[in-house]
Structure formats: structure tokens, C-alpha cells
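Read through the structure below, which is laid out as C-alpha cells, and then see the notes.
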Amino acid sequence: MVDQVPYIQIFKDLPEELSHVSLRHDPSTGTHVAVMRFQSPTSIENFLAFRRSSVNAIHLIDSEGEILVEPAGVRMYYGGPEGEDLKGFECKVEIDRSDHWDRFMRFMHRYAEAHGMAHGESKQAAYSSANGA
């Protein structure tokens, strides 16, 4: 397969830029959790119409193909003078199968490399992990 720059879509044909991702592992359940944050949604008009709905799936696309992940939760961030301007959102994804987590991590490594994201343990890192994730 041809090398392809990895990208993320919430709405078809509108790539989004991931601004931060936090990775965790719960050893008691074996569940991996990724919290993906998007600070400047490209599809702002769609998000404004989407306010009362939830994100059904996130499309992660790279040289291996497409992954559809369903968020366990979505949180919108608002600001501006009246607090009504969408400033960003984050999606929490829970993955309980190790083969799915491995595929997700291959995507994240490719995405981070292609988009200049750093990997680290600090809160300032754009791509961080905890508990050995």
C-alpha cells in the first residue's frame, strides 16, 4: 500500500487536526483509554449544528487503511465573550482488545510523526501516556 499521511475525520471529507492525546491503561480491567483533543475544529459549522448530538464515530485513516472508533464520551469546550463559541472538543475512546489497541497505537505513532507531535510523560506534551500505555 502507498504511504499516506495519516489523518482523522469526524465528518466525511473534512480532516481534523488532533492537538493532544492522552493514553492510559487500567490494569484492573485491561481497558486502554485514549482521550483525543481537537482545539480548532475544521468543521465548525457542522459542530454548531451537532451541539445536541454526539459524535458517532471517528475515522482514523493511514497507510494500513481506516479504523472506525466510537467515542465513549464527547466533551465540548466553549468560550468567547458570551461563552457560546465552540473552542474545541475531546473524545474519550475505550479499547479493551489488545489487537485493536496495537492497531490504534500504530496509527497514533504514524500520525504523531507526520504531524510533528512529541511523545512524552508531561502534561505539556502533545502525545502523552500513562500506566505503560
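We're numbering straight along the sequence, starting at 1. Nothing here was measured: the structure is a model prediction, and the numbers come from that model.
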Shortest non-hydrogen separation from G80 to D85 and the atoms involved: CA-OD2, 3.5 Å
Residue pair I95 / H100: nearest heavy atoms and the distance that separates them: CG2-CB, 3.6 Å
Inter-residue atom distance D96.CG - D26.CG, 0.5 Å rounding: 11.5 Å
Shortest non-hydrogen contact from H32 toward W101: CB-CE3, 3.0 Å
side-chain contact (heavy atoms from CB on, under 4.5 Å) evaluation trace for R103 with I67: CA-CA 9 Å; R103 172 63 178 104; I67 308 168; 3.6 Å; yes
Minimal non-hydrogen separation, H115 against V5, with atom names: NE2-CG1, 4.0 Å
CA sep, side-chain torsions, deciding dist, call: L60, Q9, side-chain contact (heavy atoms from CB on, under 4.5 Å): CA-CA 7 Å; L60 310 174; Q9 292 181 345; over 6 Å; no
Transitive ILVMFWY side-chain link L14 to V74, under 4.5 Å: yes
Test side-chain contact (heavy atoms from CB on, under 4.5 Å) applied to M105 and L23, step by step: CA-CA 10 Å; M105 289 304 297; L23 307 170; 3.6 Å; yes
Joint cluster assignment, Y77 & V35, ILVMFWY side-chain distance < 4.5 Å: no
Distance in Å, S19 OG paired with F89 CZ, rounded so as to fall on 0.5 Å steps: 9.0 Å
Spatial distance of atom CZ (R110) from atom CD1 (I61) [nearest 0.5 Å]: 13.5 Å
Trace of the side-chain contact (heavy atoms from CB on, under 4.5 Å) decision for D62 with Y111: CA-CA 8 Å; D62 66 6; Y111 187 92; over 6 Å; no
Atom pair CD (E90) and CZ (R75), whose distance is rounded to the nearest 0.5 Å: 5.0 Å
Heavy-atom closest pair, residues E70 and V93: O-CG1, 4.5 Å
With D99 via side chain to side chain donor-acceptor pair (under 3.5 Å) - residues at least two apart: R97
E64 side chain near R106 side chain, heavy-atom distance below 4.5 Å: yes
From F107 atom CZ to D102 atom CG, the distance as rounded to the nearest 0.5 Å: 15.5 Å
Separation between CD1 of I58 and CG of L68, rounded to the nearest 0.5 Å: 10.0 Å
Distance-only donor-acceptor check, side chains Y7 and E16, under 3.5 Å: no
Neighbour count >12 (heavy atoms, 6.0 Å) for atom CD, E82: no
Sidechain N-carboxylate O distance under 4.0 Å for K92, E94: yes
